[in-house]
There are 2 protein chains.
Amino acid sequence: MARIVDVASHAGVSTATVSRVLNGKDVNPELAARVRTSVELLGYVPDRTARSLRRRASDVVALVLPDVENPFFTAVARGVEDVAQEAGYSVVLCNTDDDPAKESRYLSVAEHENMAGVLIAPATHTPTLEALRTRGRGVVVLDRHIDDDVDQVAFDNEALGRRATSMLIDQGFRRIACVTGPRSTSTAVERADGWRHALAEAGLPAEEDQLVHANFRVDGGYDALGDLLDRVECDAVVATNNLVGVGVLRALADRHGVPVPAPDGVPRPGGSAAPITGPALGVGIIGDLPFATSRTTDIHLLPLNPRDLGTAAAHLLLERFADPQRPARAVVQDVPAPDAPLSR
Amino acid sequence: MARIVDVASHAGVSTATVSRVLNGKDVNPELAARVRTSVELLGYVPDRTARSLRRRASDVVALVLPDVENPFFTAVARGVEDVAQEAGYSVVLCNTDDDPAKESRYLSVAEHENMAGVLIAPATHTPTLEALRTRGRGVVVLDRHIDDDVDQVAFDNEALGRRATSMLIDQGFRRIACVTGPRSTSTAVERADGWRHALAEAGLPAEEDQLVHANFRVDGGYDALGDLLDRVECDAVVATNNLVGVGVLRALADRHGVPVPAPDGVPRPGGSAAPITGPALGVGIIGDLPFATSRTTDIHLLPLNPRDLGTAAAHLLLERFADPQRPARAVVQDVPAPDAPLSR
DNA sequence: TTGTATGCGTTATCAT
DNA sequence: ATGATAACGCATACAA
């Protein structure tokens, strides 16, 4: 296995010069050329462990996510990868299951592996970022906002909740419930706020027993809808993320034998014509229905663009690397226009 | 930031002793106790970069996957994580897009980051594993079999192709096409072999123009089905992986306005009752329909257990770590029994 | 500009 | 069993 000393002796220069060539410092072009051919010839690749030790920072960034099985977050990961790779960084995915203990374990790993930076969708409002930040590592919070002076990218979640609810109001629904995520996430809380505000503005009742905090997974949506239908009267429901939406639809399918009827019980053109065996229920979902196999026009989706969220977060991190002193920035990520064509 | 020397001086011992305590070597219990309290007090955590450099191997394993957006592979990742974490290893996900260039780049990173091992679902029949293996790193090939003397775990793909096809034959279908993945993957090739054999055994024609090699993503299945329906007569189709299945169903939905009719054109109980506007087409899918929102009894699924595949692969890697000399083993991963209840 | 020599933090070797 | 010290491979301060 070729080492930097091998390259140096082969090229007839010092290891310092080899290092300089490899790191783009000023070097006599002739020497540089000799070094490069030696590198090529010997198949030399720097040992990144040694480099990290010496530089006190590696070229790996951690992407800490609550659920890598959620297509929303894998899309975020793709966006992050695109720009990070381009800039020479490797991305490693870390899965927290929205568990603060796992999260803080991964943050500790990132710290002691001397990773260059961390992108995180935090499981709580107070992730343990101090150690990383005092050691000068880049930190970007994404998707979920926290109350801290740190670089952040997130959607306008209150507006999303409001829009999802308005879509249903516009369709003629009047008693609209809401299934949202854990209180520990700003997305869940703010989207529910939006639901509350949209109802209030329309002069409709927003009773707190029509709001359910579930987890942000399929089983969360499934159980929540069952609970909701047993407790309260409603004619529609807002699901504040994609997997909760899937769970809600599965629960409806189980109850009614059909995904989603129209509000008045009359099938919509292009929609399913299966008989309705239970009360009609409109469904609004913030996000996409991943891997859906048919276009269901009677479900009201508010598609997001997680990949762009990822690229925006990665850019923020790169800017932070370039200028560690720059004041923290909180970016609001745009979402596709309401009438934009669906990507799937 | 506390270093090992700080702990040593605080505890009044040498750094060697601290290191020994932390690595479970034999040490005077009294000294060990002093060291441990110092570690606690100073909040000392070893620098993993330095440790890796010295040990010439880190405690990180790479999981190299063709498509992290495929729920099959994220489930594999969960399985791998479960057992790797338990054994003290961190798992990093690497995405190749089935691109040999990206794949070999990640393998090179794994090598030069001195990672402990690599688990890989290879993009080609000949991934570049020599460098890693000669350096004594653990290597396990998963999901896709290669012709090499290396630890492997995969399903019996020929049997899967055969079973998926038989399911359709049993339902009364007679002209069964097949959409499979790239020729560069054993899964695609062997499952297609199974399709061919099942038809032959049933005395049905298996014409090669009824076989399409697509990519293993949704667009692959979508385009392939369009192509197929334009070219050949058939009454059913086998999709050899989950995403291809999704693509096939989307193409059918676009053509017929309904996911999947029954073979004789009569809706099945519990199935969709929408009018059929085109020829009936049966669908068999090797794998699951991820995040499906209703139970469609007229699609014939052959569910797999990717999470178990991941745990099996991780166990193989741990065994390899424990005994580097052990001969390579090729494990055939069981699949759920045909009549097992669906997990979703 | 180039080379020499030191240090990053840990583990392993070699004495004791 | 324990301590002093060299070494892992690279990047950089300093000297030239």
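First the proteins, then the strands, lettered A, B, ... as listed; each starts at 1. Keep in mind that the numbers below use all heavy atoms, side chains included, and drop hydrogens, waters and symmetry copies.
If you find the closest nucleotide of DNA chain D to Leu53(B) and to Ser14(B), the one lying nearer the 5' end belongs to Ser14(B).
Distance Glu113(B) CD to dC10(D) C1': 14 Å, rounded to the nearest Å. Taking atom CG on Asn28(B) and atom P on dT2(D), their separation rounds to 4 Å, with Å as the unit. Rounded to whole angstrom, the span from the CG atom of Leu22(A) across to the P atom of dA11(D) amounts to 7 Å. The CD1 atom of Ile4(B) sits 5 Å away from the P atom of dT10(C) (whole-angstrom rounding). Look at CZ on Arg56(A): it is 13 Å from C1' on dT10(C), rounded to the nearest Å. The nearest whole Å value for the distance from the CG atom in Asp59(B) to the C1' atom in dT11(C) is 14 Å. The distance between atom CG of Asn114(B) and atom C1' of dT11(C), rounded to the nearest whole Å, is 14 Å. Taking atom CG of residue Asp47(A) and atom C1' of nucleotide dC10(D), one finds them 8 Å apart after rounding to whole Å.
Annotation for Leu132(A) and Ala110(A): closest pair CD2-C, 4.3 Å, computed over non-hydrogen atoms. Across all their heavy atoms, Tyr89(A) and Ala116(A) have their closest contact at CE2-CB, 3.8 Å.
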### Message
Run Phe216(A) and Thr185(A) through side chain to side chain contact (heavy atoms under 4.5 Å, CB included) and show every step you take.
### Response
CA-CA 10 Å; Phe216(A) 260 145; Thr185(A) 65; 3.6 Å; yes
### Query
Yes or no on side-chain hydrogen bond (donor to acceptor under 3.5 Å, both in side chains) for Asn114(A) and Thr49(B), after CA distance, side-chain angles and deciding distance?
CA-CA 7 Å; Asn114(A) 291 319; Thr49(B) 307; 3.1 Å; yes
### Message
Let's go through Asn305(B) and Asp308(B) carefully: what are the C-alpha distance in whole Å and the side-chain angles of both, what is the deciding distance for side-chain hydrogen bond (donor to acceptor under 3.5 Å, both in side chains) to 0.1 Å, and is it a yes or a no?
### Response
CA-CA 6 Å; Asn305(B) 42 355; Asp308(B) 295 341; 3.3 Å; yes
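Here Val5(B) lies out of heavy-atom contact (under 4.0 Å) with every strand. No engagement by Val18(A) is indicated, since no non-hydrogen atom pair under 4.0 Å with the nucleic acid exists.
Separating the OG1 atom in Thr96(B) from the NZ atom in Lys102(B) is a distance of 8.0 Å, to the nearest 0.5 Å.
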Any protein N or O atoms within reach of nucleotides 12-16 of chain C? Criterion: under 3.5 Å, listing atom names and distances.
residue: dA12(C); atom: O4'; partner: Arg54(B); partner atom: NH2; Å: 3.0

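Screening Arg56(A), Arg135(A), Arg105(A) against Glu111(A) for a salt bridge (charged side-chain N to carboxylate O under 4.0 Å, His left out) leaves a single residue, Arg135(A).
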